[in-house]
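Accompanying notes for the structure given below.
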Number of protein chains: 2
Amino acid sequence: MKEKITKQAILSVSRDIVNQEGYDALTLARVAKALKIKTPSLYNHISGLKDLRKELALDALKQLNYEVTQSAVGRSGDGALKAIGFAFIHFMRENPGLYAATLIAPDLQDPDIDQESSAIVAIIIKVLEPYHFGNVRAIHFVRGLRALAHGFSTLEYQGGFQIEVPLDDSISVAFDTFIKGLMAMNEAPGKENQKTENHSA
Amino acid sequence: MKEKITKQAILSVSRDIVNQEGYDALTLARVAKALKIKTPSLYNHISGLKDLRKELALDALKQLNYEVTQSAVGRSGDGALKAIGFAFIHFMRENPGLYAATLIAPDLQDPDIDQESSAIVAIIIKVLEPYHFGNVRAIHFVRGLRALAHGFSTLEYQGGFQIEVPLDDSISVAFDTFIKGLMAMNEAPGKENQKTENHSA
DNA sequence: TATTTTAACTAATGTTATTAGTTTTGTAAA
DNA sequence: TTTACAAAACTAATAACATTAGTTAAAATA
């Protein structure tokens, strides 16, 4: 049963390739071989390697958004925040190649990519709502949480944690710590509580 | 006055290339052109592109370590921690190509690279000493601070922050938040305060 | 059935990294 | 000063890659 060759099929084998053989293994030659066609035939469906990388990154971001969103449903407050953090790590562990795709191929100027990126921000903003932060302050916290999740993911991806202390404990403690500080901040709020409409932090 | 061609000279032009033209612009052909020699001649000094990337990453990590260390001297406690965080961001802003080199070329298995990575950990551990955390707990916090700094750097590098709220404010708030939570944690310590000797978190 | 579009193909070009073998050049010894 | 050697440049060649142009076969449509 031959798979019909379509953009989705190309993305599908690309996902497998990057996850199993590493991001660098994603070449048009490799993709064509997996699909049993010649390299130039790919140009009937995509407009080149750069395009393929972008599409793959977009796909990865969509999946990441979905999993992050799912991790937060049914939870609230600090439980939801921690779940979001772990959803990042989980995604990276299960899909190292796709995670690399979101790291390397960014082109954040691209409107499609930009939209997916800010969708993640919107999720966190929503979870933060009950805390009643001012908008500016909320953006600071969103950025902090995002940086924390992203930082842990990237460092583990690179192999930056070798010690025998379990990483999951560290992540848990780090989020607890940040959230605890966040509460303390709320009791003694700063002066920068102006309104802001733009939520694409 | 012709520059004598040496490993250092190769690394020097490589630094300029990645910072000015992006990490992808680092090819042996490009380096050779900058040095006005032919590509194969480079093999008299380095053993290939992979080697060059590794050497460049090592160089970048050394510089990063130096700047992080310098940022902490004369400061203590939360002031020092925040300064370290900003040193990361500053390095990334001034040397985007070198920063990318540390992100992309890792090979964390390599002993040279590993040593430089754990040097950064040692610095933070030292700054945390006055807080008298147990070793396990200290490692958690080191990881958290490292992830925070790394996360902010990487996200800004990718262009992940577009809004008009200044990023430096967010970084400041995030570190304050984390440090505040850290103090609160210290007042109510957890149960996992065993001793550990390995400091290469 | 005839026509148009889709999607494969072959052929060719230019850019890479890399290896092998050769020549030049500078330095140190005779 | 001449000779010997090693360092560091070179030329030539190969293989993997992306990309473009032009061609052909098959499928969909009119």
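Since this is a predicted model, take the numbers as computed values, not measurements.
Results of the salt bridge (charged side-chain N to carboxylate O under 4.0 Å, His left out) test with A:Asp110 over A:Arg53, A:Lys50, A:Lys54 single out A:Lys54 as the only residue that passes.
What separates NZ of A:Lys7 from P of C:dT6 is a distance of 14 Å, to the nearest Å. What separates NZ of A:Lys38 from P of C:dT10 is a distance of 6 Å, to the nearest Å. Put simply, CD1 on B:Ile37 is 15 Å from C1' on C:dT24, counting in whole angstrom units. Between the CG atom of A:Asp24 and the P atom of D:dC17 there is a distance of 12 Å, given to the nearest Å. Regarding B:Leu42, its CG atom lies at a distance of 15 Å from the C1' atom of D:dA7, rounded to whole Å.
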Extract from the structure each pairing of a protein N or O with an N or O of nucleotides 14-20 of chain C at less than 3.5 Å, listing the distance.
| from | atom 1 | to | atom 2 | distance (Å) |
| --- | --- | --- | --- | --- |
| C:dA17 | OP1 | B:Leu28 | N | 2.7 |
| C:dA17 | OP2 | B:Leu28 | N | 3.3 |
| C:dA17 | OP2 | B:Ala29 | N | 3.0 |
| C:dT18 | OP2 | B:Tyr43 | OH | 2.7 |
| C:dT18 | OP2 | B:Leu49 | N | 2.8 |
| C:dT18 | O5' | B:Tyr43 | OH | 2.9 |

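The number of heavy-atom neighbours closer than 6.0 Å to CD of A:Gln70, taken from other residues, nucleotides and ligands shown, is above 12. No more than 12 heavy atoms of other residues, nucleotides or ligands sit less than 6.0 Å from atom CZ of B:Arg75.
Classified by interplanar angle (parallel below 30°, tilted 30° to 60°, perpendicular above 60°), the ring pair B:Phe178/A:Phe178 is tilted. Using cut-offs of 30° and 60° for the angle between ring planes, the B:His150 and B:Phe88 rings count as perpendicular.
Ring centroid separation for the pair B:Phe141 and B:Phe133 comes in under the 6.0 Å cut-off.
A:Val121 places none of its side-chain heavy atoms less than 4.5 Å from the side chain of A:Ser117.
A sub-4.0 Å separation between OP1 or OP2 of D:dA8 and a side-chain N or O of B:Ser41 is absent. Remark: B:His45 is not in phosphate contact with D:dA7, judged by side-chain N or O atoms under 4.0 Å from OP1 or OP2.
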| side-chain contact (heavy atoms from CB on, under 4.5 Å) between A:Tyr43 and A:Leu28, worked out | CA-CA 10 Å; A:Tyr43 283 77; A:Leu28 293 187; 3.5 Å; yes
| Given A:Tyr23 and A:Leu98, is the side-chain contact (heavy atoms from CB on, under 4.5 Å) satisfied, shown in steps? | CA-CA 8 Å; A:Tyr23 188 76; A:Leu98 285 184; over 6 Å; no
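Over its length, the helix from C:dT1-D:dA30 to C:dA30-D:dT1 turns its helix axis by 10°, as judged from the five terminal pairs at each end, rounded to 10°.
With hydrogens and angles ignored, no donor-acceptor pair under 3.5 angstrom links the side chain of B:Asn44 to the base of D:dA7.
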